[in-house]
Amino acid sequence: MDTTIFDAIQSIGGRSDLFDRAICNIATNPLLKGALPMIFFWALWFAPSYNRMVYRARLLAMLVVAAVAIVIGRAMATLLPFRLRPLHDPDIKMQLSFDLDPSILSGWSAFPSDHAVMFFALSTCFFLIQKRIGYIAFVHSIIAIAFARVFLGFHWPSDVLAGALVGAGVAMVLFRPVAKLISQTQLTRWLIRREQFLYPALFIITYQVTTMFNATRELASAMLDALSLV
């Protein structure tokens, strides 16, 4: 089934260079891939509401869920048996109008898709906060993450399906308790009174979400390498 679905998606490629490169940009450019959910975040943060503090507590909870989701996704990819990506499989002939850099994601296990874990966690949180935006977020995750990454051979369909289920599951389990905890502790009101620190911090965090915490992961990896030399 995995191969059948992968071949069906791949059959779309190679017909239009414009289409193939557009999907590549969507899958790899943070502005096209990760910025939209954070635009929704800031739109909801400043949206007029009769109970703005409740909305903002939920949005802060969503950032916590996103961070936990990416940690879980990376932990699963590291601890589970290594799975070769279709892009690096010599038996798979990619149907694209251009050749991708063979070093892309080399050495990174395909299962599960950590992109799917995080973006479907975000989409689920948006759905629990505001259903209309949640629907849009799910469509974005399906096209820009699930379809695009299979189309480019970064993942098998089961990689993104497993990642989507894990991400949605993490959100369903954590979102409401974390949002309730933030509300009960009055954390949101405490932060708002210190907005000179809150907004720079939120800018950095939402930027990290947009870029899949790449800078954070690189820094953590460098620190671990340094510690191993001590």
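Sequential numbering from 1 along the given sequence is applied to the chain's residues.
- Both W42 and V65 belong to a single network of hydrophobic side chains, linked directly or stepwise wherever heavy atoms of I, L, V, M, F, W or Y lie under 4.5 Å apart.
- Rounded to the nearest 0.5 Å, atoms CG (L60) and CG (L202) are 6.0 Å apart.
- Heavy atoms only, all atoms of each residue included: L152 and I23 are closest at CD1-O, 4.1 Å.
- F127 and M118 are not part of a single hydrophobic cluster, where members link through side-chain heavy atoms under 4.5 Å apart.
- Annotation: the span from I129 atom CD1 to L59 atom CG amounts to 4.5 Å, rounded to 0.5 Å.
- When all heavy atoms of F154 and A110 are compared, the closest pair comes out as O-CB, 4.3 Å.
- Side chain of H155 to backbone of V160: no donor-acceptor contact under 3.5 angstrom is found.
- The two residues A171 and A121 make their nearest non-hydrogen contact at CB-O, 3.6 Å.
- Proximity of Y135 to V139: side-chain heavy atoms (C-beta onward) are nowhere separated by under 4.5 Å.
- F138 and L44 fall into different hydrophobic clusters, where Ile, Leu, Val, Met, Phe, Trp and Tyr side chains are chained together by heavy-atom contacts under 4.5 Å.
- Panel note: side chain W156, backbone L84; a donor-acceptor pair is recorded below 3.5 Å.
- Cluster membership for I143 and I136, using ILVMFWY side-chain heavy atoms within less than 4.5 angstrom, is not shared.
- Remark: L122 CG to M62 CE distance equals 6.0 Å, nearest 0.5 Å.
- Counting heavy atoms from C-beta outward, V68 and V170 have side chains that approach closer than 4.5 Å.
- The backbone N or O of P30 sits nowhere less than 3.5 Å from a side-chain atom of T210 that would complete a donor-acceptor pair.
- Residues V64 and L174 are not in side-chain contact: their nearest non-hydrogen atoms beyond the backbone lie 4.5 Å or more apart.
- To the nearest 0.5 Å, the span separating CG on L181 from CD on Q184 amounts to 7.0 Å.
- Taking CD1 from I142 and CZ from F119, the interatomic distance works out to 14.0 Å, rounded to the nearest 0.5 Å.
- Under 3.5 Å, the side chains of R149 and T28 contain no donor-acceptor pair of N or O atoms.
- Hydrophobic clustering places V173 together with F175 (ILVMFWY residues linked when any side-chain heavy atoms are closer than 4.5 Å, directly or through intermediates).
- The shortest side-chain heavy-atom distance between Y55 and Q130 falls under the 4.5 Å cut-off.
- Between F151 and F19, the distance separating the two ring centers is shorter than 6.0 angstrom.
- Closest non-hydrogen pair, S109 versus R85, comes out as O-NH2, 3.1 Å.
- Without hydrogens or angle criteria, S123 side chain to A137 main chain gives a donor-acceptor distance under 3.5 Å.
- In this structure, the side chains of L128 and R176 come closer than 4.5 Å at one or more pairs of heavy atoms.
- Both tests hold for R56 against F46: distance to the six-membered ring centre under 6.0 Å, angle to the ring axis within 45°.
- The CZ atom of F120 sits 9.0 Å away from the CG atom of L161 when rounded to the nearest 0.5 Å.
- Around atom CZ of F203, no more than 12 heavy atoms belonging to other residues, nucleotides or ligands sit under 6.0 Å away.
- Of the N and O atoms on the side chains of K33 and H115, at least one donor lies less than 3.5 Å from an acceptor on the other residue.
- Here the closest non-hydrogen pair linking V150 and F6 is O-CE1, 3.4 Å.
- No donor-acceptor pair closer than 3.5 Å links the side chain of N29 to the backbone N or O of N25.
- Although no hydrogens or angles enter the test, the distance criterion places no donor-acceptor pair under 3.5 Å between the side chain of R74 and the main chain of D114.
- No more than 12 heavy atoms of other residues, nucleotides or ligands sit less than 6.0 Å from atom CE of M172.
- Minimum heavy-atom separation, L36 to H140: CD2-CD2, 3.6 Å.
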